[in-house]
Amino acid sequence: MHIIDDKVDILGKNKELAGHNRRWLDERGIVAVNVMGAIGSGKTIMIEKLVEALRGEVAIAAVAGDVVSDMDARRIAKTGIPVVGVNTGRECHLDAHMIDHALEKLELGGVDLLLVENVGNLVCPADFDLGTHRSVVVVSVSEGDDIVEKHPMIFLISHLAVINKIDIAGAVGADPDKMERDARRINPSLEVMQVSFRTGLGVDRVIGWMRGLVGEKRSHG
């Protein structure tokens with residue numbers, strides 16, 4: 001019973017701090033997106049493509065979470081946007097406390113969109129609100145077309161699901177349409193987009209979705 005109580009307390013404190021983060025971002029007119037997905041699903045390349053497409057139109061910054069390395073942070077930094085890497089140590093997810101510290105380190109003056117690349121995991125990140133405004137889950141056909149039904153919670157809490165690498169679906173024996181059906185069955189309000197970040201197929205829809213978030217924030221700001 002004590003273990004359960006401790007867990008509830010941890011999640012409660014995280015939720016409280018997440019609310020603080022969200023208010024802090026709102027005060028500065030910044031819309032934040034939590035980008036979740038397994039290792040190799042395409043989270044980092046999605047951020048790279050968004051920066052490339054929206055450069056000069058939307059000012060972007062990023063937080064790159066990883067267990068130990070700073071590989072993704074260094075890769076994103078090559079795009080020229082402000083980025084801070086967050087190592088979680090043994091934790092398989094980012095939490096609101098880590099994001100609070102990351103916000104202190106980032107230069108966010110004039111930034112419209114903050115992209116938070118979560119740790120490569122489809123389980124733990126679903127439990128921890130970071131204080132972002134939207135959540136995106138990225139999955140790859142190379143993970144198997146049963147990956148969605150195996151991890152329903154992360155799709156239930158997301159606003160957009162991106163099914164990546166559809167150009168190799170035939171080669172790996174996966175059905176992206178099945179993945180989309182599974183995602184919509186789990187969360188009927190979820191937007192689902194099939195893409196290939198490598199070839200560019202369908203990427204314009206993801207760019208449009210992100211552009212729309214910023215436009216909505218500006219119109220209400």
Side-chain angles (χ1 to χ4, degrees), residues 21-37 40-66 69-86 94 98-120 125 130-140 158-167 190-221:
N21 291 345
R22 194 172 293 110
R23 289 189 297 273
W24 190 94
L25 292 162
D26 285 340
E27 289 169 1
R28 290 156 180 80
I30 301 169
V31 60
V33 178
N34 182 14
V35 181
M36 303 173 291
S41 61
K43 300 186 300 297
T44 308
I45 192 173
M46 185 178 84
I47 292 173
E48 292 171 328
K49 294 295 184 181
L50 287 168
V51 172
E52 178 184 351
L54 297 173
R55 194 181 303 277
E57 177 186 350
V58 175
I60 301 175
V63 174
D66 211 333
S69 80
D70 64 349
M71 186 180 302
D72 289 339
R74 286 187 284 111
R75 181 172 157 185
I76 294 169
K78 291 179 181 178
T79 67
I81 68 170
V83 59
V84 62
V86 177
L94 292 172
M98 296 175 193
I99 297 303
D100 182 37
H101 283 295
L103 293 176
E104 293 175 354
K105 297 176 182 178
L106 269 173
E107 176 52 58
L108 292 171
V111 167
D112 303 301
L113 177 64
L114 176 65
L115 298 172
V116 180
E117 181 177 346
N118 217 313
V119 176
L130 306 181
T132 54
H133 300 92
R134 296 289 187 276
S135 293
V136 176
V137 57
V138 183
V139 290
S140 164
S158 292
H159 301 87
L160 171 66
V162 178
I163 301 170
N164 188 27
K165 304 183 185 179
I166 61 172
D167 55 308
L190 184 68
E191 290 197 58
V192 184
M193 300 177 185
Q194 296 186 28
V195 309
S196 167
F197 288 118
R198 184 181 69 85
T199 68
L201 183 63
V203 176
D204 57 327
R205 296 182 62 203
V206 180
I207 294 166
W209 190 85
M210 292 287 180
R211 182 185 284 119
L213 287 183
V214 175
E216 181 181 345
K217 190 75 171 177
R218 286 172 175 168
S219 66
H220 288 87

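Just so we're clear, the structure is a prediction, and the values are computed from it rather than from any experiment. Every heavy atom of this structure was used, including side-chain atoms; hydrogens, water molecules and symmetry mates were not.
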Minimum heavy-atom separation for [X] and [Y], please, with both atom names.
{"X": "Glu117", "Y": "Leu94", "value": "O-CD1, 3.8 Å"}
{"X": "Thr132", "Y": "Val33", "value": "CG2-C, 4.0 Å"}
{"X": "Asn164", "Y": "Phe197", "value": "OD1-N, 3.1 Å"}
{"X": "Ala73", "Y": "Val83", "value": "O-CG1, 3.7 Å"}
{"X": "Leu130", "Y": "Asn21", "value": "O-ND2, 3.0 Å"}
{"X": "Met36", "Y": "Ser158", "value": "CE-OG, 3.4 Å"}

Kindly write out the residues that satisfy salt bridge (charged side-chain N to carboxylate O under 4.0 Å, His left out) with Asp204, not counting sequence neighbours, or none if the list is empty. none
Could I get the full list of salt bridge (charged side-chain N to carboxylate O under 4.0 Å, His left out) partners for Arg74, not counting sequence neighbours? Asp70
For Glu48, what residues pass the side-chain hydrogen bond (donor to acceptor under 3.5 Å, both in side chains) criterion, not counting sequence neighbours? Arg75
Between [X] and [Y] (side chain of the first, backbone of the second, donor and acceptor by atom type, cut-off under 3.5 Å), is there such a pair?
{"X": "Lys43", "Y": "Gly37", "value": "yes"}
{"X": "Arg134", "Y": "Val31", "value": "no"}
{"X": "Asp112", "Y": "Ala59", "value": "yes"}
{"X": "Asn34", "Y": "Asn118", "value": "no"}
{"X": "Ser196", "Y": "Thr199", "value": "yes"}

Are [X] and [Y] packed together at the side-chain level, in the sense that at least one heavy-atom pair is separated by less than 4.5 angstrom?
{"X": "Met210", "Y": "Leu115", "result": "yes"}
{"X": "Thr79", "Y": "Arg55", "result": "yes"}
{"X": "Arg22", "Y": "His133", "result": "yes"}
{"X": "Leu103", "Y": "Leu25", "result": "yes"}
{"X": "Leu201", "Y": "Asp167", "result": "no"}

Of the options Ile99, Leu106, Ile60, which is the one that meets Leu114 in a side-chain contact (heavy atoms from CB on, under 4.5 Å)? Leu106
Working to the nearest 0.5 angstrom, can you tell me the gap between [X] [atom1] and [Y] [atom2]?
{"X": "Ile163", "Y": "Gln194", "atom1": "CD1", "atom2": "CD", "result": "5.0 Å"}
{"X": "Leu113", "Y": "Ile30", "atom1": "CG", "atom2": "CD1", "result": "9.5 Å"}
{"X": "Ile47", "Y": "Lys49", "atom1": "CD1", "atom2": "NZ", "result": "13.5 Å"}
{"X": "Ile207", "Y": "Met46", "atom1": "CD1", "atom2": "CE", "result": "10.5 Å"}
{"X": "Ile166", "Y": "Arg198", "atom1": "CD1", "atom2": "CZ", "result": "11.0 Å"}
{"X": "Asp72", "Y": "Asp66", "atom1": "CG", "atom2": "CG", "result": "5.5 Å"}

Is the NZ or CZ atom of Arg205 positioned over Trp209's six-membered ring, under 6.0 angstrom from the centre and within 45° of the axis? no
Could you go through the side chain to side chain contact (heavy atoms under 4.5 Å, CB included) check for Val58 and Leu50 one step at a time? CA-CA 10 Å; Val58 175; Leu50 287 168; over 6 Å; no
